[in-house]
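Heads up, the thing below is written out as structure tokens.
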Number of protein chains: 2
Amino acid sequence: MNFQDLIYAKRDGGVLTEAQIRWFINAFTKNEIPDEQAGSFLMAVFFQGLNKEELSVWTDAMIKSGEILDLSSVGKPTVDKHSTGGVGDKISLPLCPLVASFGAAVPQLSGRGLGTFGGTLDKMESVSGFNITLSNEKMIQQLKDVGVFITAAGAGLAPADRKMYSFRDVIGTVECISLIASSIMSKKIAEGTQSLVLDVKAGRGAFMKDFSRAKQLAETMVEIGNKAGVKTVALITQMDTPLGNAVGNALEVSESIDVLNGKGPQDVIEITLALAKEMLQLAGINKDPATGLKDGTALQVWKKMIIAQGGNPDIEIPVAKKKENVVATQSGYITDLDAYAIGLSAWRLGAGRAKKEDAVSKTAGIICLAKEGDYVEKDQPVLELHIDDASRLPLAKEALKNAFTIGAEPKEKRKIILERIS
Amino acid sequence: MNFQDLIYAKRDGGVLTEAQIRWFINAFTKNEIPDEQAGSFLMAVFFQGLNKEELSVWTDAMIKSGEILDLSSVGKPTVDKHSTGGVGDKISLPLCPLVASFGAAVPQLSGRGLGTFGGTLDKMESVSGFNITLSNEKMIQQLKDVGVFITAAGAGLAPADRKMYSFRDVIGTVECISLIASSIMSKKIAEGTQSLVLDVKAGRGAFMKDFSRAKQLAETMVEIGNKAGVKTVALITQMDTPLGNAVGNALEVSESIDVLNGKGPQDVIEITLALAKEMLQLAGINKDPATGLKDGTALQVWKKMIIAQGGNPDIEIPVAKKKENVVATQSGYITDLDAYAIGLSAWRLGAGRAKKEDAVSKTAGIICLAKEGDYVEKDQPVLELHIDDASRLPLAKEALKNAFTIGAEPKEKRKIILERIS
């Protein structure tokens, strides 16, 4: 195979053959393609995209670059979720135990945060002793015993994606819907789940700022999943304003436990139940998920999962020693609370990382004491900054300069769930 | 400077700053940019192009990556020509001595052929003893003494282009007008000429098949040249059918000598005189170039140049020992003679090379015994194949299957010079 033929074909808007795509993914993963050719080829893919057939083969080749988990021995319907990430998005924490509490198995392979996006694994590590690395045997056993795990994806899963993801970052082709979709879906399909619910976030606090691009990504992923035999549904949800009140690793764990206790912010509950409903439906379980939060069964599964993964659910979630408030400069209604500004500020406080290798603070973050639609008096605290490292405070506060707007009249509430794609 | 910023800027249709472009060309030439990033960046340039200001800086940075010849001591107006290449395009051979015979200095730095395109240097090496490598001092002395040299461009001239050209070949971004224009013009401007005439060929035997793309390239190069202070004019000329009768290295030298003797095919004379007129005008010499072919002064300069560069103008140009004719299968007018088919066949006979490192045959090639518009009888020879290596004959003949068409009526003659760009 002459790789230049693939470059020309894609560059000039042609369609790659199945053999060409499988050859490329294989050779690329084995470092057999000169870097400059892989770079120019992926930039051509960025401009020309991949059609549905190409993308289906591309994703399949990425999946087959590594091991595929076999969950058939679990004996329960398997269903997972994936979120494209947003500010305050802790939904996996209450959601996965909730769905497992109804008899489904939830194999949640998750990642760490980067930039303003928190990572589920970082959040879970705020729980004392929680181990995010399990062997395949332990994963299957835990799905049988508890119904859910939250762990890191092993290195054996879709190694092509690992190589491609870091390569795309270097060559400036991250923002490509075809490549984003195949990256996410290859890992999710390789984890062996029978069905999958996607939470695709749209808005200034999300990777996809535009609704139309978020929708395109959702449609692309749903198509890939269903073609690969994984029943897939996506909800497009708003990410212009933070989800819930808590932004930061330990802070979000605490808020998630509130939700599992039948309390917590209304928007977190709404989105948790909407995703749970979709997951239960795909798993063939016709139950109302709300009961699992009210009667404490979801909380019981959460505790079992913590214990099974080496943690202690009775040890208090850590809290920052130092706090500082940002107050309202006038009385009125909060008409805008900017997810990006809050995410950036929490990141600067230490809740997120700039590079893969960086550590994150467990306790740093922000509590939104008031949210869009709330009435505040002048000098009333609106944001509570949780400070782990005081040297980070000045830049974190700078990010909050235009984080919220106060007006005389309340603005209409934002819709949380914008569209369902199936 | 963060190179990813340049990738994003160009990828998303932005304009690069002068500092960014100069930094890139410098770092690229010094191999300081990771190959995968250079690859993706140049593919983004392929898709988005460079605007006039970007291209002007880009070309200038390529020029300044190496030495710039200083021809000021020559004491004559300097003028050069460049052709984008075509089948049977030997025009530099009669043209450069002709222009020099009127008192201009013609510093013809030329290249070797690749694919179906012959190279002026390959042709000149059919002349016994001709040396295509001169020191800068010798070049200047020869311009003073003879008025013209034909040599290879030294390694010190626009080294950025040398690196970029081979890199673009590997990554599939050769066909990019901005990059083609800056590649050609950086070398021509670095050679120190005051003025330049471009022969941009359009048609199936040319690199640019479409007239509109050829015109775009011509306009781009004229703009770059004039901006850089080199008076530049371009003629767009037809390359659907071969230029002259001879295609092949030694064969084209012989035909060129015919032209210098006041004979030779009409189309070769027409294009030689048209280009000579432009060159003389730019050099400020108000003379009719036709006289130089008639009175033998151009031939005298040719001979002096051969001698100055170590050759012997009195030794016969070599001829292949074996010849074979392709004959007309019916009587009628030749309505079509395909430059690409003839070029491909001559290449397969050994007149051209597939890879830079390959050698070429001096004597292999094709003589078109009849051309478009000529009447031929059935079984009359139309093409004469000159064979150096008989094993190459079958594939060479295969390329000629549809090389010419015979019809009952003559077709209207093609215009040779399609447009002038200044």
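This is a predicted model, so every value here is computed, not measured. Just so it is clear: chains get the letters A, B, ... in the order the sequence lines come, proteins before strands, and each one is counted from 1.
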Are any non-hydrogen side-chain atoms of A/Met208 and A/Thr84 less than 4.5 angstrom apart? no
Does any N or O in the side chain of B/Ser345 come within less than 3.5 Å of the main-chain N or O of B/Ala396, such that one atom is a donor and the other an acceptor? yes
Is it possible for you to check whether B/Lys163 lies under 6.0 Å from the centre of the six-membered ring of B/Phe167, through NZ or CZ, and within 45° of that ring's axis? yes
Is it the side chain or the backbone of A/Ala44 that comes within 4.5 Å of chain B heavy atoms, both, or neither? both
If one checks every heavy atom of A/Gln4 against chain B at 4.5 Å, the contacting part turns out to be side chain
Given 3.5 Å as the limit, does a donor-acceptor pair link the side chain of B/Ser65 with the main chain of B/Met62, or not? yes
Keeping the roles fixed (side chain from A/Glu223, backbone from A/Thr220), state whether a donor-acceptor pair exists under 3.5 Å. no
Whether over 12 other heavy atoms sit under 6.0 Å from B/Lys209 NZ: yes
Would you name the heavy atoms of A/Met185 and A/Met221 that are closest together and state the gap between them? CE-O, 3.4 Å
How about residues 16-34 of chain B versus chain A: which residues have heavy atoms under 4.5 Å apart? none
Between A/Gly172, A/Ser40, A/Ala38, which shows the greatest number of heavy-atom pairs under 4.5 Å with chain B? A/Ser40
So, the part of A/Phe46 with a heavy atom under 4.5 Å from chain B: the answer is side chain
Taking the basic N atoms (NZ, or NE/NH1/NH2) and the acidic carboxylate oxygens, is any pair closer than 4.0 Å for A/Glu175 and B/Arg11? yes
